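Notes follow the structure.
We're numbering straight along the sequence, starting at 1. All values reported here derive from a predicted model rather than from experimental measurement.
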Amino acid sequence: MHERHWSGALPAKSFMQFGWLTLALSPSPAEDAQRIEQLIEQACAAERLGFADVWLTEHYFTGESVYNDSLMFAAALAMKTEKVRIGFAVVQTPFHHPVRLAVQLALLDNLSKGRIDVGIGKGTVYNEYEFVGHGLRSTDSRERMEEAVDIIERAWREAPLTYDGKFHKIRIPAIRPKPVQQPGPPLWRSVISPGSFKQCGQLGVGNEMKPTSKVIARNGLGLPAARDTHALQDVLTLCGKRPAAGRERNSRKFLL
């Protein structure tokens, strides 16, 4: 395959970008190590070919997402790449302590020199076994996600921070290191239902929609026109409350 090397320069006008979603299944434990190494090589190739970003998934126990721990895998990619952005689609917040997650994401933002995008979700009820494996059930996953996001965003901004929540009661002097992207890396919300889209719009939060197609669109201008949920489920639209550094708001992006 001929590789086109990208200089990193982008036109000032409207432009299209492409990203790569790394949902990589390993069919057996014996193949896990090889598949992980292949994914690192593919991510490096994606950067050389001019892809704007790579997106990592988080699933446990079945090999559905072979590296499982997307945060640790992102650290490896940050050391192997220089330009491509590294995104999470998504971090399943109920499986992480929010203070530790805030620290890990801040460190990743430093390791990558400000190249991470953080998609956040509550986990999927279709994978209840993942909750059971972490000593949880999915019944309160939305509440856990909301509380975790509140703690993460405040931890990046406030020092000291005291938080008295339903699931976490914490007192921390400060998060170190501070994220490179201020006030923190861009956050995107994982959504499926029209109601969740409305909530994201009210909160001014970007959203990642669960796709049913292999090609997913990113449009900084707003949500696509659609009459029902099925039409929307073919499209992933990220409408961020602020553009990533060095990006135009009218950029369009497709994930492959």
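Here the side chains of Leu71 and Leu105 are in contact, with some heavy-atom distance below 4.5 Å. Residues Leu77 and Val84 are not in side-chain contact: their nearest non-hydrogen atoms beyond the backbone lie 4.5 Å or more apart. Counting only heavy atoms from C-beta outward, the side chains of Trp55 and Leu23 never approach each other to under 4.5 Å. The closest side-chain heavy-atom distance from Pro185 to Trp156 is below 4.5 Å. Under the 4.5 Å side-chain criterion, counting only non-hydrogen atoms from C-beta, Gln17 is not in contact with Arg85. Residues Ser138 and Glu130 form no side-chain contact, since every pair of their non-hydrogen atoms from C-beta on lies 4.5 Å or further apart. Looking only at side-chain heavy atoms (C-beta outward), Ile116 and Gln181 come within less than 4.5 Å of each other. Between Leu161 and Arg171, every side-chain heavy-atom pair lies at or beyond the 4.5 Å cut-off.
Only one option out of Gln104, Glu58, Arg144 pairs with His96 in a side-chain hydrogen bond (donor to acceptor under 3.5 Å, both in side chains); it is Glu58.
When hydrophobic clusters are built by joining Ile, Leu, Val, Met, Phe, Trp and Tyr residues whose side-chain heavy atoms come closer than 4.5 Å, directly or via intermediates, Val54 is grouped together with Met16. At a threshold of 4.5 Å between side-chain heavy atoms, the hydrophobic network of Ile, Leu, Val, Met, Phe, Trp and Tyr places Tyr67 and Leu25 in two separate groups.
Although no hydrogens or angles enter the test, the distance criterion places a donor-acceptor pair under 3.5 Å between the side chain of Asp109 and the main chain of Val180. For the pair Glu147 (side chain) and Phe167 (backbone), a donor-acceptor distance under 3.5 Å is present. Side-chain atoms of Thr57 never come within 3.5 Å of backbone atoms of Ala89 as a donor-acceptor pair (strictly under, hydrogens ignored).
Of all heavy-atom pairs between Pro183 and Pro179, the closest is O-CG, 4.4 Å. Across every non-hydrogen atom of Phe51 and Gly19, the tightest pair is CD2-C, 3.8 Å. Smallest separation of non-hydrogen atoms from Pro173 and Ala159: O-CB, 3.3 Å. Lys80 and Ile40 get closest at one heavy-atom pair: CG-CG2, 4.1 Å. Among all heavy-atom pairs drawn from Thr93 and Ala148, the shortest one is CB-CB, 4.2 Å.
With rounding to the nearest 0.5 angstrom, the CD atom of Glu37 is 9.5 Å from the CD atom of Gln34. Taken from CD in Glu153 to CG in Leu187, the straight-line distance is 5.0 Å, to the nearest 0.5 Å. In this structure, CZ on Arg35 lies 13.0 Å from OG on Ser65, to the nearest 0.5 angstrom.
Phe61 forms part of a hydrophobic cluster together with Tyr60, Phe95, Tyr129, Phe131, Leu136, judged by ILVMFWY side-chain heavy-atom separations under 4.5 Å.
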inquiry  = Evaluate His134 against Gln92 for side-chain hydrogen bond (donor to acceptor under 3.5 Å, both in side chains), listing each step before the verdict.
reply    = CA-CA 11 Å; His134 286 85; Gln92 300 193 70; over 6 Å; no
request  = For the pair Thr81 and Ile86, evaluate side-chain contact (heavy atoms from CB on, under 4.5 Å) and give the outcome as yes or no after the intermediate values.
outcome  = CA-CA 10 Å; Thr81 57; Ile86 302 168; 4.2 Å; yes
ask   = Can Ile120 and Phe88 be said to form a side-chain contact (heavy atoms from CB on, under 4.5 Å), step by step?
value = CA-CA 8 Å; Ile120 52 177; Phe88 298 95; over 6 Å; no
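Ion pairing between Lys166 and Glu143 holds under the 4.0 Å rule for side-chain N and carboxylate O.
Applying the side chain to side chain contact (heavy atoms under 4.5 Å, CB included) rule to Val99 yields the partners His97, Ile151, Ile170, Ile172, Ile175; only residues at least two apart in sequence or on another chain are considered.
Counting heavy atoms of neighbouring residues, nucleotides and ligands inside a 6.0 Å radius, atom CD of Glu82 does not exceed 12 of them. Around atom CE of Met72, no more than 12 heavy atoms belonging to other residues, nucleotides or ligands sit under 6.0 Å away.
With 3.5 Å as the limit, one finds no donor-acceptor pair spanning the side chains of Glu31 and Ser26.
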